[in-house]
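To keep things clear, I will list the structure first and then write my remarks on it.
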Amino acid sequence: MRLRPDGVGRGPGRPAARAVRPRRAVGGRLRGSDLMALGAVRAGRQRGLSVPGELSVVGYDDSPLMAFTDPPLTTMRQPVAAVAAVRALVDEINGHAAPHSEYLFRPELVVRGSTAVVRQAGPGRSRPAPPALAVPA
């Protein structure tokens, strides 16, 4: 399976519309946010791909409504400590003193309905693709 990096462009998920090509062997998408992941799901479907049957999509943030999308979005949940790290960075950028600390956190993979083992079909055969993500324990 090939994972392609996130793109930046007009509208969430818009780069995915150009990057998801049914004729290419892309089995999974890891997006930088849940909103961009929903754009990748939409783009894949517009190109005739089934999610998660032919294309697995993973977001990042675990936004509150992602369990209720179609399909429910697999996502990376970041702990509250990550929010504290971002707040400290924004404070520094804005010229406010922030404690200089090292923030270590381990995001959690929340598996829902937008990911599956992608089958690579050939003449008379079907075999599972390699796993899309390895999350350390």
Side-chain angles (χ1 to χ4, degrees):
M1 173 180 296
R2 289 178 19 214
L3 288 175
R4 302 183 91 177
D6 247 343
V8 177
R10 290 179 288 134
R14 195 70 186 145
R18 289 186 293 275
V20 176
R21 294 186 177 102
R23 67 180 184 266
R24 298 185 72 172
V26 175
R29 290 293 199 178
L30 176 61
R31 307 311 319 168
S33 72
D34 289 339
L35 191 55
M36 291 177 75
L38 292 178
V41 169
R42 182 177 184 195
R45 286 180 171 168
Q46 286 174 342
R47 294 186 180 262
L49 298 174
S50 69
V51 177
E54 298 171 287
L55 177 67
S56 288
V57 179
V58 179
Y60 198 95
D61 289 333
D62 194 23
S63 302
L65 298 176
M66 294 305 110
F68 305 102
T69 60
D70 180 33
L73 187 67
T74 297
T75 185
M76 298 296 292
R77 178 184 296 149
Q78 58 189 356
V80 174
V83 176
V86 171
R87 171 70 62 197
L89 177 62
V90 170
D91 286 346
E92 285 285 328
I93 290 171
N94 289 328
H96 305 302
H100 291 267
S101 300
E102 184 175 288
Y103 293 95
L104 299 175
F105 59 93
R106 187 177 301 222
E108 173 190 357
L109 179 63
V110 180
V111 179
R112 295 191 181 113
S114 67
T115 53
V117 175
V118 177
R119 302 285 172 182
Q120 295 177 341
R125 70 170 200 249
S126 178
R127 61 183 173 88
L133 296 172
V135 179

Item to check | Stepwise side-chain contact (heavy atoms from CB on, under 4.5 Å) check, Arg47 with Arg45 | outcome: CA-CA 5 Å; Arg47 294 186 180 262; Arg45 286 180 171 168; over 6 Å; no

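The backbone N or O of Leu73 lies less than 3.5 Å from a partner atom in the side chain of Arg112, making a donor-acceptor pair. Although no hydrogens or angles enter the test, the distance criterion places no donor-acceptor pair under 3.5 Å between the side chain of Ser63 and the main chain of Met66. Ser50 contributes no side-chain N or O that, together with a main-chain N or O of Pro52, makes up a donor-acceptor pair within less than 3.5 Å. In this structure, the side chain of Ser56 engages the main chain of Ala116 through a donor-acceptor pair within 3.5 Å.
The number of heavy-atom neighbours closer than 6.0 Å to CZ of Arg42, taken from other residues, nucleotides and ligands shown, is 12 or below.
Residues Val110 and Met76 are not in side-chain contact: their nearest non-hydrogen atoms beyond the backbone lie 4.5 Å or more apart. Side-chain atoms of Gln78 and Tyr60, non-hydrogen and from C-beta on, do get closer than 4.5 Å to each other.
Of all the heavy atoms in Ser33 and Asp61, the pair that sits closest is CB-OD2, 3.9 Å. Across all non-hydrogen atoms, the minimal contact from Val57 to Ser114 is O-OG, 2.6 Å. When all heavy atoms of Gly44 and Leu55 are compared, the pair lying nearest together is CA-CD2, 4.0 Å. Nearest heavy atoms, Ala67 versus Pro72: O-CB, 3.5 Å. Between Leu49 and Glu54, the shortest heavy-atom distance links the atoms CA-OE1, 3.4 Å.
Thr74 and Thr115 share a donor-acceptor pair across their side chains, judged by distance under 3.5 Å alone. Between the side chains of Thr75 and Asp62, not a single donor N or O lies within less than 3.5 Å of an accepting N or O.
A distance of 11.5 Å separates CG of Leu35 from CG of Leu65, quoted to the nearest 0.5 Å.
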